[in-house]
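For reference, the structure is listed below as structure tokens.
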There are 2 protein chains.
Amino acid sequence: MTKTEKTNKKIKATPEPTLRRLPRYLHLLKFLRETGDKSVSSTYIAKELGFDPTQVRKDIEYTGIVGRPKTGFNIVELISSIEEFLNWKNITDAFLVGTGSLGTAMLGYGRFKDYGLNFVAAFDNNEMKIGKTIHETPVLSMEKLVDLAKRMHINIGVITVPAFAAQHSADLLIEGGIRAIWNFAPIHLKVPEGVLVENAQLTQSLAVLTHKLADAISKD
Amino acid sequence: MTKTEKTNKKIKATPEPTLRRLPRYLHLLKFLRETGDKSVSSTYIAKELGFDPTQVRKDIEYTGIVGRPKTGFNIVELISSIEEFLNWKNITDAFLVGTGSLGTAMLGYGRFKDYGLNFVAAFDNNEMKIGKTIHETPVLSMEKLVDLAKRMHINIGVITVPAFAAQHSADLLIEGGIRAIWNFAPIHLKVPEGVLVENAQLTQSLAVLTHKLADAISKD
DNA sequence: TCCTTATCGAGAATTTTATATCGAGAAAAA
DNA sequence: TTTTTCTCGATATAAAATTCTCGATAAGGA
Ligand SMILES: NC(=O)c1ccc[n+]([C@@H]2O[C@H](COP(=O)([O-])OP(=O)(O)OC[C@H]3O[C@@H](n4cnc5c(N)ncnc54)[C@H](O)[C@@H]3O)[C@@H](O)[C@H]2O)c1
Ligand SMILES: NC(=O)c1ccc[n+]([C@@H]2O[C@H](COP(=O)([O-])OP(=O)(O)OC[C@H]3O[C@@H](n4cnc5c(N)ncnc54)[C@H](O)[C@@H]3O)[C@@H](O)[C@H]2O)c1
């Protein structure tokens, strides 16, 4: 990947649209790997997912892999390259705050390790939940969050508390030295510079759907 | 014919980035409404959410409302305008397929009505779940899906089954006449033209976070 | 009344992202 | 071997999205 230095261009940050497409390639590639295929072309991926082949090639280029004419990309290598690029090969320990219905669902979802995430502890302010474990992850009191985050050098915090409690949860996570927050609460978190926030707000996705549907229906 | 149609159509489709930002404005606006404020400027919204003021104005323009110099936009009107635009004022009946941990969490989330969505029935192939209700939504057998969707004229289907079952679920929903699918399974659904698919894949959001975090840490 | 200030909204400019074109190279077929 | 076919990847072009500029206008004083 140092090969890109030959042009001496300044390294540009990966576009977010590209980052969002990479997992989709990954899902398809893993499926293809099962079928025994050895290589795949950008043309094929594009047709399968409804993208433009050039776009697929450009996206793949960011991960640092090179293909070969006529055959395309080696599937195993490409999977590895994307996972490496997204840092999904190093499993990162994470805290989850708010063990309600969504938080519980996430703790129960065994596949996050495939995406580089490992929940080592969950936190809640509900006395009934503290001390129990949810799918093998212990639920601890909020009082323990800051110290434990510091001690364990946790980098990622997931927020699944109600909106009114989200900012406070974020503040605690940041006090504990967290670097990145995956926020599911429908609220804009205020964080100091250097702390990453990714909003996984379902309402954003839903807005696209409902607006387009209303638009489509109105054209009937 | 199509040419004149095109030139006559002055209404351009709303950019997806705009659609995704609108719910974020909405959350802030509802908060401001509680505080008793009557109006808000694009400048304020932008500063609060970290956007550009012009972008906020352009986004708002799509919803059809006009502001006034010096004061900005009437908060109540603006909320109404956005909700109308996203079609969140007309509650749309929806089916949910797959009552596992994520599906259950969604059925239990009482706020989807605020976003125009009402789950009238859920479906699963697990005999243990059929016949029960989850947060007042009945869980029915998959056999009943197609007919019931037709009879009730359901437009939206939510897929929360494992990846391997997602395409089949989508096929049934489409057979039942559904127009839009909100897909949570990590797979690309193949659907006929005219059927909308919105992927709410958490992994896409997570990819952005993990890549940026790795990037930031590597720069320390 | 006049002045200052904050804001909208239209259009231009810029940046970012997506798509088209095409030469070169590898594989398969002739 | 030679030809055909397919794909990569570099570059060019187009489209989309964002940001800048600025005149007009309303509100709140001076
Ligand atoms: N459930 C869904 O399908 C869904 C969908 C979209 C968005 N969300 C959002 O995700 C978040 C969680 O939703 P949910 O349905 O799981 O809610 P929930 O009410 O089921 O769970 C919230 C949890 O947070 C805990 N909590 C409350 N205040 C706290 C505090 N100050 N400190 C620590 N813990 C606290 C509660 O004890 C509870 O366990 C909400 O912000 C919601 O808007 C949920
Ligand atoms: N739980 C999470 O936090 C999470 C996170 C990211 C993505 N997802 C995705 O969401 C989907 C659901 O996840 P989950 O954790 O709720 O899974 P789950 O295993 O808890 O639930 C799946 C449900 O689907 C039902 N089902 C299975 N096959 C079916 C079929 N053919 N027809 C009808 N119903 C069927 C099962 O009976 C079960 O109730 C998966 O695709 C998963 O990848 C979940």
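Here is how names work: the chains are called A, B, and so on, in the same order as the sequence lines, proteins then strands, and each is numbered from 1.
Rounded to an integer number of Å, the gap from Y62(A) OH to dA10(D) P is 13 Å. Atom-to-atom, CG of L78(B) to C1' of dT7(C) comes out at 15 Å; the value is rounded to the nearest Å. Residue D59(A) contributes atom CG, which lies 10 Å from atom P of dT19(C) at whole-angstrom precision.
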Quiz item: For every nucleotide of nucleotides 24-30 of chain D, 5' to 3': is a protein heavy atom under 4.0 Å from its base (B), only from its sugar-phosphate (S), or from neither (-)?
Solution: -BBB---
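Taking the nucleotide of DNA chain C with the nearest heavy atom to each of K58(B) and K58(A), the more 5' of the two is matched to K58(B).
Aromatic pair F95(A)/F123(A): ring centres closer than 6.0 Å.
OP1 and OP2 of dG9(C) both lie 4.0 Å or more from every side-chain N or O belonging to R57(B). Contact annotation: R21(B) side-chain N/O to dT18(D) OP1/OP2 distance is under 4.0 Å.
A salt bridge links D114(A) with R111(A): the closest approach of a Lys/Arg side-chain nitrogen to an acidic carboxylate oxygen falls below 4.0 angstrom. A salt bridge does not link K150(B) to E175(B): none of the charged nitrogens lies less than 4.0 Å from a carboxylate oxygen. A salt bridge does not link E34(A) with K30(A): every distance from a Lys NZ or Arg NE/NH1/NH2 to an Asp or Glu carboxylate oxygen is 4.0 Å or more. Contact check on D37(A) versus R33(A) returns no salt bridge, with no Lys/Arg side-chain nitrogen under 4.0 Å from an Asp/Glu carboxylate oxygen. By the 4.0 Å N-to-carboxylate-O rule, D220(B) lies close enough to R179(A) to be salt-bridged with it.
Using modelled atom types, one finds no donor on one side chain facing an acceptor on the other under 3.5 Å when comparing N87(B) with T210(A).
For DNA chain D, the residues of residues 25-55 of chain B within the heavy-atom distance limit of 4.0 Å (strictly under) are D52(B), T54(B), Q55(B), sorted by number.
When the options V56(A), L32(A), D59(A) are evaluated for a side-chain contact (heavy atoms from CB on, under 4.5 Å) with I45(A), the one that passes is V56(A).
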